[in-house]
Every structure is written in C-alpha cells, then in structure tokens.
Undergrad: 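The following block contains the structure, expressed as structure tokens.
Because the structure is a prediction, the values reported are computed rather than measured.
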Amino acid sequence: MTLAVGFFSLCVLVLVIGSILNVVLNFNTQQRLIADRQQLIAQNAANAVRNYIQGKISVLENAITLSNMAHEGIKKKQLVLDKIMGKELSFRQMVLVARQGRELARVSRMSQSLSARLMKENKGIVVTRDIKDISTGSVYVDDITGEPMMLVSLPVKDVFGDYNEILIAEVNLKFMWDVIDSLHVGKGGLAYVVDSHGNLIAFRDISRILKGENLMGLDIVKEWQGQAAGTVTSKVSTGRGIMGTYVVASFERLKTPEWAVIVELPVAEAYKSIIDQIILAAVVLVLCIVLAILFGIWFSKSVTRPIISLCDVVQRVGTGDRSVEIPVETDDEIGKLAASFNQMVSDLRDKEKLHQKYVHAEKLAAIGQIVSGVAHEINNPLSIILGHTQLLIEQAGTDSEFCASLRSIEREIFRCSELLKGLLSFSRMGRSDSIESIDINTAVDEIIKLIEVQTKIKNVNVNKQYASDLPQSVINKNQIQQVILNLCNNAIDAMPDGGSLTVETKAEEGRIEISITDTGVGMKEDVKDHLFEAFFTTKPIGKGTGLGLNLCNEIVKGHNGTINVYSSEGKGTTFNVRLPIV
C-alpha cells in the first residue's frame with residue numbers, strides 16, 4: 001500500500017517538475033529561434049546593402065582593370081571615366097588624380113566644377129595617407145539636392161601592383177533607400193542603416209535622414225559601436241527602438257564601408273509565442289502545485305524523502321563515491337531497500353579493493369618475469385661482446401685508428417649493462433647494493449654534477465638549496481641516487497624551452513625531505529592519478545617506458561618513505577621525497 005501511494009505522489013511530483021522544465025526549455029528554444037530569425041533578417045538586409053555598395057566598387061575596379069588605365073594616356077582615361085558615368089547612374093562625379101595631388105581627369109553630372117567637398121577629400125587622400133586598397137569616406141548629405149553621398153577611392157595599379165594615380169568617385173546613396181524600404185521584417189518591424197558615427201543614412205522616413213539624425217542614443221547602436229571592429233557576429237538585444245517603442249533589435253556589421261544594418265521587431269510580436277506558452281504553462285503548473293501539496297504533505301516523510309535521499313546516494317555511488325550509506329530509519333519496504341543498498345555498496349568497496357590488489361600484483365608479476373628473463377638472456381652475450389672488444393683494444397693499441405671506435409663499443413656495452421641492472425632492480429631480482437650511513441647533500445650533489453652537461457645544453461638553470469644541518473641517513477645510496485636522477489631527468493624533459501630546476505634538501509618532522517621543482521609544462525589532475533603506475537607515460541613513443549616513476553615509488557616505499565607530487569598545468573611540478581632519519 002505504501003509503495004502504491006508513494007508511486008501516485010511521485011507521479012504528481014514528476015508532473016510538476018516536467019511542467020517547469022517544459023516552460024524553461026520552450027522559453028530557451030523560443031529565445032534562440034527569435035535570435036536566429038533576427039540575425040538572419042539582419043544578415044539578409046546587410047547582404048542587400050553590401051551587394052549594393054560592392055556593386056559600385058566592382059564597376060570601378062573592372063573599369064580600371066579592363067581598360068588597363070594605369071598605362072593609358074590622359075585622353076583614354078577621360079574616355080573611360082565618361083563611359084563609367086554613362087553606364088552607372090549612381091555616380092555623380094569622378095576625378096582621377098596623381099599621388100602628388102595633381103588632377104589628371106574629371107567628369108561630373110553637375111554643370112559646375114567638382115564640389116568643394118570632393119576636392120577637399122581628394123586633397124586629403126593624396127597628401128595625408130598612402131592608399132593601397134579600396135577606401136570609403138564618411139556619408140554626407142548634399143546641401144543642394146538633399147541626397148546622401150559617399151566618396152569611394154581606388155588606387156590605379158599596374159600589373160606589378162604599383163600605382164601613381166587614384167580614382168575618386170562620388171556615389172549617390174539615394175538608390176540604397178529603395179533597397180532598405182523593400183525589406184520585410186515581420187508584420188511591424190523595420191530596418192535602417194547607420195554609419196560609424198551613428199548617423200542615420202538609410203530609413204523609410206527620408207525626412208529623418210535629411211535632418212542628419214544621430215542614433216547614438218539607442219542601445220543597439222551603442223552595442224555596435226562598443227563591439228570590436230573585427231567581430232562579425234551580430235547581437236540581439238531588447239530596448240528602445242528608432243520609433244521610441246520597445247523592440248527586439250539586431251545588427252550586422254559591414255566592413256567596407258564601416259556601417260551597420262539594424263533590424264527591429266516589436267517585443268509583442270517577437271515574444272508572442274513565448275507569452276502564450278508561459279500563460280498556458282503557468283495554468284498547468286498551478287494545478288500541479290495544488291495537487292502536489294494535497295498529496296505530498298501526508299506522504300512526504302514516509303515515501304518521498306527516503307526515495308529522494310536514495311536517488312541522491314545512488315548518483316554519488318554512480319560517480320565513484322563508495323563511502324556513502326543510507327540511514328535505515330524504518331522497517332518497511334523503504335528501510336529494507338536502504339539496508340540492501342548499503343550492503344551492496346559495502347560489497348562493491350571490498351571487491352574494488354581486491355580487484356586493485358589483484359591487478360597490481362598481476363602487473364608486477366608479469367613485469368618481473370619479463371624483465372628478469374630478458375635481462376639474463378641479454379647479459380650473457382653482452383659479457384662475451386665486452387670481452388672480445390677489450391681484447392681487440394688491447395691488441396690494436398691506443399695509436400690504432402680503430403681504437404676510438406672500439407672504445408665507443410665498450411662504452412655502449414657498459415651503458416647497456418647499467419640499463420640491465422636497472423631493470424633487474426625494478427623486478428626486485430638484482431638488489432646487491434648495501435645499506436649505509438651517508439650524507440644526503442653529498443649524494444644529491446653527485447647526481448647534479450652528472451646532469452650539468454644536459455642542463456647546459458637544454459638551457460636549464462639549476463638552483464641548489466641544501467640544508468647545512470642535515471643528519472646522516474642510513475639508506476641504499478645507489479637506489480636513492482637513482483630516484484633523484486630519474487626525477488631530475490623528468491624535470492628537464494618537462495622544460496623543452498629551458499627553465500629553472502630547483503633541488504632542495506631539509507630536515508622536517510623527523511624526516512629528510514628532498515624536493516625537486518621545475519618550471520615546466522606541469523600536468524593535469526587525471527595524469528597525476530596514474531603517475532606511479534607501471535607502463536604509464538605521457539612521453540612520445542620511444543622517449544619513455546613508463547617504468548621510471550613506478551621504480552622510484554617502489555624504492556622510496558622500500559625505505560619506509562613517501563613520494564608526493566604537486567603540479568598545476570602550465571605552472572610547473574614539484575616532487576617531494578621524504579625519507580626517515582635513522
């Protein structure tokens with residue numbers, strides 16, 4: 001009976017949660033749809049304006065290229081300008097000037113000479129800056145005709161990309177008004193264009209353009225002005241629009257010229273579907289809450305809370321936490337379920353411990369068999385090769401031309417022999433070194449001297465910080481030096497571009513502490529979790545076997561010590577070896 005009633009109550013609870021999630025998800029989805037629609041409209045409007053401006057620029061570029069204007073005479077250049085003017089009505093006047101400012105040719109639809117504004121812009125271009133590509137001027141309204149104008153300048157380049165002349169054209173932008181007026185933004189939306197100073201240059205209400213209205217007071221215009229120039233992603237925001245109403249606005253940036261196309265949609269129209277869904281969801285949610293309150297008060301303590309607690313614990317166990325338990329408070333079905341679950345978690349803990357021990361034991365056994373077999377099989381032929389090599393050295397004499405090569409062979413044989421000894425130490429079959437009382441500083445410094453050449457080659461600066469009052473320690477000197485050497489080599493490898501290696505010794509809390517710190521690349525948390533496992537390595541194939549740190553850990557443990565690592569990605573690593581003072 002308890003489970004049946006609890007199931008009914010949970011159904012109501014799920015309905016409430018589902019209603020809330022449905023509202024949230026629908027709201028987020030509708031918001032994304034509105035943003036996507038606004039951005040698409042803004043992009044389409046921007047493409048229309050961009051195509052209009054780019055079309056005018058393409059006319060000038062094609063005329064310069066196809067007529068080979070850079071290599072033609074003045075008459076031919078004048079003829080080219082006349083043809084452009086005849087074909088393209090949006091050009092009101094053009095002038096061809098030399099880089100020094102001298103006028104070479106001009107053409108105008110006006111009966112009088114070129115306007116003072118064009119000449120002033122012309123002079124500024126050729127005198128104050130070096131045009132290497134297309135340049136557009138600011139938009140201005142002609143005092144006579146009341147039409148918006150813009151100057152476009154292009155260098156007249158030859159086949160080598162050099163130029164000595166600049167073509168400047170005055171473009172009439174009134175044709176762009178028709179492009180903006182033809183755009184449809186929903187039922188009550190609109191679109192307009194502003195320049196880099198926030199001036200309105202295209203809108204369905206031409207009178208506002210002729211007044212030279214500035215829209216820097218609008219939030220969407222401020223957002224466009226505050227956005228980085230290289231950013232091309234449009235942004236959707238809610239605020240006051242150009243007509244003074246509350247709207248959802250979006251903009252799309254143009255690069256040439258530096259304009260923005262802004263589209264607005266009334267808030268009521270943009271969020272109509274969301275508002276309808278919220279109202280419907282609110283009604284359903286209220287009904288669900290009432291039902292949840294009526295049925296949940298009486299059943300919450302006996303069913304709902306224990307099940308919720310059980311769900312939380314199950315999630316924690318699923319993420320790997322095996323230390324949790326559910327308190328058993330009742331003797332009914334829920335209490336029995338909690339007790340069974342606690343027993344299951346306890347069994348999982350025991351099995352995991354046994355499994356880890358078993359896997360570790362199998363790894364070590366396999367490693368020991370492989371290493372010992374390989375080491376013994378290789379050691380015998382190495383001894384024979386070493387003997388013959390030394391015999392050849394003795395027979396050849398130090399003056400022989402083969403002596404250096406034979407010495408190299410002998411040296412590499414000894415190196416192989418040392419590697420085999422290391423492998424035997426790893427497999428715990430080659431421990432022949434004795435325990436002795438040594439000075440830790442001396443043992444560490446001997447290793448630092450061995451790696452001096454390597455640190456100089458790799459531009460690593462070694463900082464020694466040895467405590468002067470360290471007591472003697474009874475340890476296996478060779479094994480501890482092997483640990484220090486391995487950790488130093490790993491630290492050097494972690495600093496491919498050079499850095500600082502700090503080696504510190506001190507006595508603390510009855511133990512000798514050896515710290516090796518580098519300023520290298522550091523490591524991630526998941527790497528540190530497996531750092532001392534056999535055959536685990538982050539180095540490329542051929543650079544590491546994954547046995548070094550595992551061997552270091554085994555040696556330190558064999559001396560009743562500890563080895564810890566502290567590292568942050570990009571901030572370096574510190575290995576801390578602590579050995580008992582005997």
Undergrad: Let me check something: any side-chain donor-acceptor pairs from residues 446-456 under 3.5 Å, sequence neighbours excluded? List them with distances.
TA:
residue : atom : partner : partner atom : Å
E446    : OE1  : K477    : NZ           : 3.4
E446    : OE1  : Q481    : NE2          : 2.7
E446    : OE2  : K477    : NZ           : 3.4
T455    : OG1  : I451    : O            : 3.3
T455    : OG1  : E452    : O            : 2.7

Undergrad: To check you understand the geometry: which heavy-atom pair defines the closest contact between S196 and W224, and what is its length?
TA: CA-CH2, 3.5 Å
Undergrad: Return the set of residues passing side-chain hydrogen bond (donor to acceptor under 3.5 Å, both in side chains) with T389 (not counting sequence neighbours), or none when no residue passes.
TA: none
Undergrad: Got a sec, which residues hit salt bridge (Lys or Arg N to Asp or Glu O under 4.0 Å) with E394, two or more places apart in sequence or on another chain?
TA: none
Undergrad: Starting at OG of S568, measure out to NZ of K524 and round the result to the nearest 0.5 Å.
TA: 13.5 Å
Undergrad: Between atom CD of E554 and atom CD of Q479, what is the distance when rounded to the nearest 0.5 Å?
TA: 11.0 Å
Undergrad: To the nearest 0.5 Å, how far apart are CG in N459 and CD1 in I492?
TA: 11.5 Å
Undergrad: Could you walk me through whether L487 and I514 pass side-chain contact (heavy atoms from CB on, under 4.5 Å), step by step?
TA: CA-CA 11 Å; L487 296 179; I514 307 170; over 6 Å; no
Undergrad: Can you name the closest pair of heavy atoms from N576 and S515 and give their distance?
TA: ND2-OG, 3.3 Å
Undergrad: Is there a donor-acceptor contact under 3.5 Å from the side chain of N486 to the main chain of Q482?
TA: no
Undergrad: Side chains of I475 and I440: does their closest heavy-atom pair fall under 4.5 Å?
TA: yes
Undergrad: Output all residues satisfying side chain to side chain contact (heavy atoms under 4.5 Å, CB included) with S405, sequence neighbours left out; order by chain, then residue number.
TA: none
Undergrad: Are any of the side-chain heavy atoms of I438 and I480 separated by less than 4.5 Å?
TA: no
Undergrad: Could you state the interatomic distance from OG (S408) to CD1 (I413), rounded to the nearest 0.5 Å?
TA: 11.0 Å
Undergrad: Of all residues at least two apart in sequence or in a different chain, which pass the side chain to side chain contact (heavy atoms under 4.5 Å, CB included) check with T238?
TA: Y246, V248, V267, Y271
Undergrad: How would you list, by chain and number, every residue that makes a side chain to side chain contact (heavy atoms under 4.5 Å, CB included) with L392, sequence neighbours excluded?
TA: Q395, L406
Undergrad: Test of understanding: with side-chain hydrogen bond (donor to acceptor under 3.5 Å, both in side chains), list the residues that count as partners of T442, not counting sequence neighbours.
TA: D439
Undergrad: Tell me, please, which residues at least two apart from H197 pass side chain to side chain contact (heavy atoms under 4.5 Å, CB included).
TA: D195, N199
Undergrad: Ignoring hydrogens, what is the shortest heavy-atom contact between I516 and A491? Give both atom names and the distance.
TA: CG2-CB, 4.4 Å
Undergrad: For K464, check side-chain hydrogen bond (donor to acceptor under 3.5 Å, both in side chains) against everything at least two apart and list the hits.
TA: D445
Undergrad: Side chains of residues 494-508: which donor-acceptor pairs under 3.5 Å do they make with residues two or more places apart or in other chains?
TA:
residue : atom : partner : partner atom : Å
S500    : OG   : N463    : ND2          : 2.9
T505    : OG1  : N441    : OD1          : 2.7
T505    : OG1  : A467    : N            : 3.2

Undergrad: Output yes when a side-chain donor or acceptor of H559 lies under 3.5 Å from a complementary backbone atom of L579, and no otherwise.
TA: no
Undergrad: Go through the steps for E252 and V263 under the test side-chain contact (heavy atoms from CB on, under 4.5 Å), then give the verdict.
TA: CA-CA 9 Å; E252 184 72 16; V263 295; over 6 Å; no
Undergrad: Quick one: list whatever passes side-chain hydrogen bond (donor to acceptor under 3.5 Å, both in side chains) with T574, sequence neighbours left out.
TA: T517
Undergrad: So, do V194 and F251 sit near enough that their side-chain heavy atoms are less than 4.5 Å apart?
TA: no
Undergrad: Between G572 and S567, which heavy-atom pair has the shortest distance, and what is it?
TA: O-OG, 3.2 Å
Undergrad: How many angstroms lie between CG in L485 and CG in N490, if you round to the nearest 0.5 Å?
TA: 9.5 Å
Undergrad: For V221 and M216, work out which heavy atoms get closest and say how close.
TA: CG1-SD, 3.8 Å
